[in-house]
*Asks:* 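Starting off with a structure, shown below.
Chain letters run A, B, ... following the sequence lines, proteins first and then strands; every chain starts at 1.
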2 protein chains.
Amino acid sequence: MAAASRVLHEQGVEKTTLADIARVAEVPLGNVYYYFKTKDQLVEAAIDAHALNFHAMTASLDLHTAAPRDRLKALLRGWVEQRELTARYGCPTGTLCSELDKRTDGLDRVAAEVMRLLIDYAERQFRSMGRSDSHELAIALVAAYQGISLLTNTFRDPELMTGECRRLERWVDSLA
Amino acid sequence: MAAASRVLHEQGVEKTTLADIARVAEVPLGNVYYYFKTKDQLVEAAIDAHALNFHAMTASLDLHTAAPRDRLKALLRGWVEQRELTARYGCPTGTLCSELDKRTDGLDRVAAEVMRLLIDYAERQFRSMGRSDSHELAIALVAAYQGISLLTNTFRDPELMTGECRRLERWVDSLA
DNA sequence: GTCTATACTTCGATAGAC
DNA sequence: GTCTATCGAAGTATAGAC
C-alpha cells in the first residue's frame with residue numbers, strides 16, 4: 001500500500017503499471033491481485049489512505065494549536081515544507097483530482113472527497129475566526145494552494161511555493 | 001488537428017487513443033500517421049496550436065483594450081465565460097501541464113512554455129500599472145486561476161469560477 | 001495522399017503449482 | 001498466502017494496395 005501510494009503520486013495513475021508497484025513493493029506481480037481485485041480498487045485504497053492521513057494531520061493540529069488563525073498558518077507552513085516534493089510531483093490531492101476527472105467510472109468522486117475535506121477544514125477555521133464569508137475564503141485559500149502547487153510543479157521551482165505562502169500568510173493575518 | 005485538440009482536452013492525453021482522434025476527425029486510423037509520425041508529435045502540435053491561440057487572443061486584447069488593468073479584467077471575464085467548459089474538462093493549459101509533468105520525455109517543457117506565456121502577459125500588465133512586484137502579482141493571479149479551475153472541475157461547479165473571478169476583480173481594482 | 005489490414009508491444013488480469 | 005507463467009485486450013505503429 002505504501003509503495004502504491006508513493007508510485008501513484010510520482011508517476012501518475014495512468015502511467016503506473018501494477019508491475020511498477022509490485023517491483024517497488026518487492027512482491028511478484030501476481031501477488032498484487034491477492035489483495036486487490038483490480039487496479040481501480042488499488043487506486044481507491046490509495047485515495048482512502050490519503051484521506052486517513054489528512055484526518056490524522058488535522059486531528060493533531062486541532063490538539064496542539066488552539067487559535068484557528070494559527071491552524072491556517074500551520075497548514076501554510078506544512079505546504080512550504082513539502083515544497084520539494086510538490087516541485088517534483090505536484091500536490092498529491094490535486095494531481096489525483098486532475099487526472100481522475102478524465103475517467104468515466106466513479107473514481108473521480110472519491111478523489112473529490114479528499115479535496116472537500118481540505119476545504120471544509122479551512123472553512124471551519126475561518127468560521128471560528130468569526131468570518132461570515134468563510135466558505136468563499138476557504139475556496140480562495142485552497143485554490144491559491146492548488147494553483148501554486150501546479151506552477152511549482154510545472155516550473156520545477158520550490159521557491160514559488162515559499163513566496164506564495166508568504167503572501168497568503170500576510171493575507172490570513174490581514175483578515176479581521 | 002482541431003479534432004485532436006478537442007479530444008485531448010476532453011479525455012486527457014493518456015486516455016486518448018489515436019483511434020479516438022481518427023474517429024472524431026472522420027479519417028481512418030492509418031491516415032493519422034501520414035501527418036504525424038508518432039502520438040507525441042501530435043500532442044506537441046496540439047500544444048503549439050494552443051500557444052498560437054493564446055497569442056491571437058492577447059494580440060486582439062492589446063489592440064482593443066489600452067489600460068493594463070482593463071486587460072487583466074478582460075482575462076478574468078474570458079475565464080468566467082469559459083466556466084462551463086472548465087467545469088467539465090478543466091483549464092486546457094493546466095490539465096496539460098499537470099498530466100505531461102509525469103512524463104520522462106521533454107513534452108512537459110513544451111506545456112510549461114504555454115503557462116509561461118500567460119504569466120508573462122499578466123506580468124507585463126502589472127508592470128505597466130507601475131507595480132514593482134509585478135512578477136509576484138502575476139504568479140498570484142495565474143495560481144488563483146489555475147487553482148479555481150481545478151476546483152471548478154473537481155466539483156463540476158461553474159459558479160466557483162464566477163465567485164472567485166469576482167473576488168479577483170476586486171483585488172485587481174484594489175491595487176494602486 | 002488515402003485507406004485496409006496487421007504486426008508488435010504493453011499491460012491488466014487469471015490459472016494453477018507450491 | 002506466495003509465486004510463475006500466460007492469456008486476452010487494447011493501442012501504437014507499419015506495410016502495402018489503391
*Asks:* Minimum heavy-atom separation for B:Q125 to B:P68, with atom names?
*Replies:*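 Of all heavy-atom pairs spanning B:Q125 and B:P68, the closest is O-CB, 3.4 Å.
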*Asks:* Using a strict cut-off of less than 4.0 Å between a Lys/Arg side-chain nitrogen and an Asp/Glu carboxylate oxygen, indicate whether A:E169 and A:R166 qualify as a salt bridge.
*Replies:*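 So A:E169 does not pair with A:R166 through a salt bridge.
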*Asks:* In residues 38-45 of chain B, which ones come under 4.0 Å of DNA chain D, going by heavy atoms?
*Replies:*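 Of all residues in residues 38-45 of chain B, the ones placing a heavy atom under 4.0 Å from DNA chain D are B:T38, B:K39.
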*Asks:* Contact class for A:F36 vs. all strands (heavy atom < 4.0 Å): base, sugar-phosphate, or nothing?
*Replies:*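 A:F36: no heavy atom of the nucleic acid under 4.0 Å.
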*Asks:* Does this structure show an ion pair linking B:R6 with B:E10, if we count only N-O contacts that are shorter than 4.0 Å?
*Replies:*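 Salt bridge present between B:R6 and B:E10.
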*Asks:* Side-chain contact test, heavy atoms from C-beta onward, threshold under 4.5 Å: evaluate it for B:L117 versus B:H55 and give yes or no.
*Replies:*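 Touching, per the 4.5 Å side-chain cut-off.
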*Asks:* Got a salt bridge between A:R170 and A:D173, using NZ or NE/NH1/NH2 to carboxylate O under 4.0 Å?
*Replies:*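 No salt bridge links A:R170 with A:D173.
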*Asks:* Please enumerate all residues that pass side chain to side chain donor-acceptor pair (under 3.5 Å) together with A:E44, with sequence neighbours excluded.
*Replies:*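 Side chain to side chain donor-acceptor pair (under 3.5 Å) check on A:E44 returns nothing, list empty.
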*Asks:* If you walk 5' to 3' along DNA chain C, what is the first nucleotide with an atom under 4.0 Å of a heavy atom in chain B, and what is the last?
*Replies:*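 Listed 5' to 3', the contact boundaries are C:dG1 to C:dT4.
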*Asks:* Under 4.0 Å, heavy atom to any atom of DNA chain D: which of residues 14-32 of chain B qualify?
*Replies:*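 Only B:T16, B:T17, B:L18, B:L29, B:G30 qualify.
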*Asks:* Would you name the heavy atoms of A:L150 and B:C97 that are closest together and state the gap between them?
*Replies:*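 Closest heavy-atom pair between A:L150 and B:C97: CD1-CB, 4.3 Å.
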*Asks:* Do A:E123 and A:R71 meet the salt-bridge criterion of a basic N to acidic O distance under 4.0 Å?
*Replies:*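 Between A:E123 and A:R71 there is no salt bridge, as every charged N stays at least 4.0 Å from the carboxylate O atoms.
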*Asks:* Using the test salt bridge (Lys or Arg N to Asp or Glu O under 4.0 Å), find all partners of A:R103 that sit at least two apart in sequence or belong to another chain.
*Replies:*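 Salt bridge (Lys or Arg N to Asp or Glu O under 4.0 Å) check on A:R103 returns A:E14, A:D40, A:D105.
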*Asks:* For B:Y121, enumerate each residue passing the side chain to side chain donor-acceptor pair (under 3.5 Å) test, keeping only those at least two apart in sequence or located in another chain.
*Replies:*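 Only B:D62 meet the side chain to side chain donor-acceptor pair (under 3.5 Å) criterion with B:Y121.
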